[in-house]
Protein chains: 2
Amino acid sequence: MNKVFKALSDPTRRHVLQLLRDKPMSAGALAAHFTVSKPTMSAHFAVLREANLVDASKDGKSVIYRLKLSVLEDALLGFTGAIGLELNATKDTKDIQHD
Amino acid sequence: MNKVFKALSDPTRRHVLQLLRDKPMSAGALAAHFTVSKPTMSAHFAVLREANLVDASKDGKSVIYRLKLSVLEDALLGFTGAIGLELNATKDTKDIQHD
DNA sequence: TAGACAATTAGCTAATTATCTAAATGATGT
DNA sequence: ACATCATTTAGATAATTAGCTAATTGTCTA
């Protein structure tokens, strides 16, 4: 959980997660949304992988990143639960279609 | 919001927030829960104040820290909303008495 | 097999962070 | 006024972080 919060402490990484919310994307497609260099983005991806927030799979020349929503959810719920902040997951993911 | 996530990236600071969940506490009382020095704790408090996550008020020789739950809630909801992670506040704080 | 393309690794730097001890500030009580 | 107690500030250091360019690895395709 500490790694998750460390990962979330950088705005670029939070934005990456946000981009991955809709659909998996390649490292290059993600990097295109930012002004920093590709090696810098690669380092951000490594932090997200290390926190287990994303999943990487090779597809030809590309690496496809996919958000692991449940890991994010667990970390956030773990924390809000400990704080007694009653954000509770509706878990009604029925109405949200992720293809 | 960035400052909130930066503040949350340190486990000591997250634990401080957790201790403040129940009741306001003095800097010294908070520091007593940790092994690091008091100046180090004071620096952590400064980060939490800077993020507007806590409120400090002087009471005699002591400084009393108080959690600002709504700021934490707003930052978390802002992020989960952007991600499309449907953690939603029940807001049934009826059953939780904060003095 | 050579070239092109996608991504990561290597190696570096500047800035930030967490930590410490010692000193300063500020309030209370004698 | 002075000693004491609570907390913060000053000043230093070691570790981490985000960023860069250049080089490497791996996969296609011509």
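Chain identifiers are assigned alphabetically (A, B, ...) following the order of the sequence lines, protein sequences preceding nucleic acid strands; residue numbering begins at 1 within each chain.
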Worksheet item: Can you tell me how far CG of B:L30 sits from OG of B:S42, rounded to the nearest 0.5 angstrom?
Response: 11.0 Å
Item to complete: Determine whether A:L67 and A:I64 fall in the same hydrophobic cluster, where Ile, Leu, Val, Met, Phe, Trp and Tyr are linked whenever their side-chain heavy atoms lie under 4.5 Å apart.
Response: no
Worksheet item: Over how many whole Å does the gap from B:K61 atom NZ to C:dT30 atom C1' extend?
Response: 12 Å
Practice prompt. Round to the nearest Å and state the distance from A:N2 atom CG to C:dA18 atom P.
Written response: 11 Å
Worksheet item: Rounded to the nearest 0.5 Å, what separation is found between the CD1 atom of A:I83 and the CZ atom of B:R14?
Response: 9.5 Å
Worksheet entry | Geometric class of the A:F34/A:H15 ring pair [parallel <30°, tilted 30-60°, perpendicular >60°] | perpendicular
Worksheet item: Taking only N and O in the side chain of A:Y65, is any of them less than 4.0 Å away from OP1 or OP2 of C:dA6?
Response: no
Worksheet item: Is it true that the side chains of B:K3 and B:N52 contain a donor and an acceptor less than 3.5 Å apart?
Response: no
Practice prompt. Check every strand shown and say whether B:S62 touches a base, only sugar-phosphate, or nothing at a heavy-atom separation below 4.0 Å.
Written response: sugar-phosphate
Worksheet item: A:T12 near the nucleic acid: base, sugar-phosphate alone, or nothing, with a heavy-atom cut-off under 4.0 Å?
Response: nothing
Fill in: Nucleotide range of DNA chain D lying under 4.0 Å from chain A heavy atoms
D:dA18 to D:dC28
Worksheet item: If each of A:T40 and A:G60 is mapped to the nucleotide of DNA chain D with the nearest heavy atom, which maps nearer the 5' terminus, i.e. the 5' end?
Response: A:T40
Discussion item. Walk me through whether A:M25 and A:L19 qualify under side-chain contact (heavy atoms from CB on, under 4.5 Å).
Written reply: CA-CA 8 Å; A:M25 287 174 74; A:L19 289 168; 4.2 Å; yes
Worksheet item: If you pin A:A29 and B:K38 to their nearest nucleotides in DNA chain C, which one's is more 5'?
Response: A:A29
Worksheet item: Taking the side chain as C-beta and beyond, is there a heavy-atom pair between B:V63 and B:F45 under 4.5 Å?
Response: no
Practice prompt. Give the angle between the helix axes at the two ends of the helix from C:dT1-D:dA30 to C:dT30-D:dA1, taking five base pairs at each end and rounding to 10°.
Written response: 10°
Worksheet item: How many angstroms lie between atom CG of B:L72 and atom CG of B:L20, to the nearest 0.5 angstrom?
Response: 11.5 Å
Worksheet item: Hey, what do you get for CG (B:N2) to CG (A:L8), rounding to the nearest 0.5 Å?
Response: 11.0 Å
Discussion item. Donor-acceptor pair, distance only, cut-off 3.5 Å: does the side chain of B:S9 make one with the backbone of B:K6?
Written reply: yes
Practice prompt. Check whether any side-chain heavy atom of A:Q18 sits under 4.5 Å from a side-chain heavy atom of B:F79, and report yes or no.
Written response: no
Fill in: DNA chain D contacts among residues 41-51 of chain B, heavy-atom distance under 4.0 Å
B:S42, B:F45, B:R49
Practice prompt. Starting from the 5' end of DNA chain D, give me the residue, A:D59 or A:V36, whose nearest nucleotide shows up first.
Written response: A:V36
